[in-house]
Amino acid sequence: MKAANAILSSYGTTIFEVMSRLAAEHGAVNLGQGFPEGLEPKKVVRAAEEALTRLSNQYPPMMGIPELRQAVAEHAGRHYGLDLDWRTEVMVTSGATEALADCLLGLIEPGDEVVLIEPLYDSYLPIVRRAGGVPRLVRLEPPHWELPREALARAFSDRTKLLLLNSPMNPAGKVFAQDDLDFIAGLLVRHDAYAVCDEVYEHLAFDGRPHIPLITLPGMRERCVRIGSAGKIFSLTGWKVGFVSACPALLAPIAKAHQFLTFTTAPNLQAAVAYGLREIPDYYLNLGVELQARRDRLAEGLSAAGFAVMGCQGTYFLTADIKPLGFAGNDAEFCRHITVQAGVTAVPVSAFYQAGDVDHYVRFCFARPEALIDEAIRRLRQHFGRA
Ligand code: PMP
Ligand code: GLN
């Protein structure tokens, strides 16, 4: 048999799928893969149900249905003061994952350098490499996840095409503050580079911390592509409805990739997301308050079970150091161990690094019902003799 594509073949099955399968196999409480449970807004689900019979079920327009593109533009105006022309600056995709692939395939020329910040979401690197990009990795590390500015500056060169920035950041729970964003903006200008901004957790910044889209900074409007996800905004991750917003010169090549990858997205889901963005913004604004309480509940429980818990400014993930537990093994072995032996699933943070020695941190998702969080904690405390 002839060899398949070497880059994609070199990757195993994504860690989220691996851990969720293992959790199901062992009946474990799954705090691994990032998906909410029990938070889905009924009105939005009903709107999708209703739109399935009201609307045509044939291909919607390639750029997305006008209602949703308008709603995305209005949302960006309302929250960030962004003035987007929905006709030329907004496109709907089948999830943020597709949006990321569209951006990378549409913008990168083979040989272009791409700056990425670890820990990173696992779809970034394979697509950058498949697009012919040359990754330049900069590492943030626990416990503080500080941006190493000198290393970031060194990662840029005249060959840099773009930076991929995820804020609020999975799995670090970091929300990039104004001074880091100013520094990044300076580098983009100095090197005439773009930024692809993965902002899927935009409404999950806690403790009154603002989420600041890089595109809103001076000089960034023409350099940044902003990606959002209805899956995250409405806790409906299976829907896979995403959005890309950028100036026309950037959006046009990105749309070229979209037209050949998925072309379009289920019309009833698009209509329901448009309805949700316009009619029930209080849902996603309250979600942060609700999840912040769950974050604190999980953090307290994990500490009581013997973990050293890291801070979490945003997203729905907490990372914890397993060292104090005295486990003889790395983070991946630990996650397998607690799934099988304690009945609780987490995700190893090393899966978000290409290589290196960050191998004793694990990530827990707290967007789960409180009773489930409590049950996970009960199991962990019992397993580690801290009941
Ligand atoms: N980016 C980040 C940082 C994520 O954590 C996720 C995962 N849900 C995505 C993108 C993908 O979002 P979607 O489900 O809309 O494809
Ligand atoms: N983004 C989610 C996470 O970090 C998972 C998405 C996926 O399973 N691909 O857990």
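The basis for the numbers below is simple: all heavy atoms, side chains too, and nothing from hydrogens, waters or symmetry mates. Counting starts at 1 for both ligands and their atoms, following the listed order.
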Using a 3.5 Å distance criterion without hydrogens, assess whether the side chain of [X] forms a donor-acceptor pair with backbone atoms of [Y].
X	Y	value
Asn330	Ala332	yes
Ser56	Gln58	yes
Asp321	Ala308	no
Arg223	Ala193	yes
Arg381	Arg386	yes

Under 4.0 Å from a heavy atom of [X]: give me the atoms of ligand 1 that qualify, with their elements.
X	answer
Gly95	15 (O), 16 (O)
Asn166	3 (C)
Ser229	13 (P), 15 (O)

Step through it carefully: locate the ring centre of [X], locate the ring centre of [Y], and say whether they are under 6.0 Å apart.
X	Y	value
Phe334	Phe327	yes
Tyr284	His79	yes
Phe317	Phe364	no

Any idea which protein heavy atom is nearest [atom], and the distance to it?
atom	result
atom 7 (C) of ligand 1	Lys232 NZ, 3.2 Å
atom 8 (O) of ligand 2	Gln33 NE2, 2.7 Å
atom 14 (O) of ligand 1	Lys240 NZ, 3.3 Å
atom 9 (N) of ligand 2	Tyr121 OH, 3.2 Å

Begin with the C-alpha distance, continue with both residues' side-chain angles, and end with the deciding distance and a verdict on salt bridge (Lys or Arg N to Asp or Glu O under 4.0 Å) for Glu50 and Arg46. CA-CA 6 Å; Glu50 183 269 327; Arg46 271 201 299 275; over 6 Å; no

Does Glu17 come within less than 4.0 angstrom of ligand 2, counting non-hydrogen atoms of the residue?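 No, Glu17 has no heavy atoms under 4.0 Å from ligand 2.
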
Report yes or no: does a heavy atom of Asn170 sit under 4.0 Å from some atom of ligand 2?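 Yes.
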
Residue Asp83 excluded, over 12 heavy atoms near CG under 6.0 Å: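 No, because the 6.0 Å sphere around CG of Asp83 holds 12 heavy atoms or fewer from other groups.
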
Heavy atom under 4.0 Å from ligand 1: found in Glu98's side chain, backbone, both, or neither?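 It is neither; nothing of Glu98 touches ligand 1.
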
Region of Asp198 that comes within reach of ligand 1 [heavy atoms, distance under 4.0 Å]: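 Side chain only.
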
Heavy-atom nearest neighbour of atom 12 (O) of ligand 1 within options Ser167, Gly34, Ala96: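 When every heavy atom of Ser167, Gly34, Ala96 is considered, Ala96 comes closest to atom 12 (O) of ligand 1.
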
Which residue from Tyr124, Phe16, Tyr201 reaches closest to atom 4 (C) of ligand 1 through any of its heavy atoms?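 Minimum heavy-atom distance to atom 4 (C) of ligand 1 goes to Tyr201.
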
For [X], is at least one N or O under 3.5 Å away from an N or O on ligand 1?
X	result
Tyr121	no
Thr97	yes
Thr237	no

Met19 and ligand 2 - part of the residue with a heavy-atom distance under 4.0 Å: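 It is neither part, as no heavy atom is under 4.0 Å.
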
Can you confirm, on distance only, whether ligand 2 has an N/O atom lying under 3.5 Å from any N/O atom belonging to Gly32?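 It does not: no N or O of Gly32 is found under 3.5 Å from an N or O of ligand 2.
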
Residues 173-185 side chain polar contacts: donor-acceptor under 3.5 Å, at least two apart:
{"residue": "Lys174", "atom": "NZ", "partner": "Trp145", "partner atom": "O", "Å": "2.9"}
{"residue": "Gln178", "atom": "NE2", "partner": "Asp182", "partner atom": "OD1", "Å": "3.1"}
{"residue": "Asp179", "atom": "OD2", "partner": "Arg149", "partner atom": "NH2", "Å": "3.2"}
{"residue": "Asp180", "atom": "OD1", "partner": "Arg149", "partner atom": "NE", "Å": "3.3"}
{"residue": "Asp180", "atom": "OD1", "partner": "Arg149", "partner atom": "NH2", "Å": "3.0"}

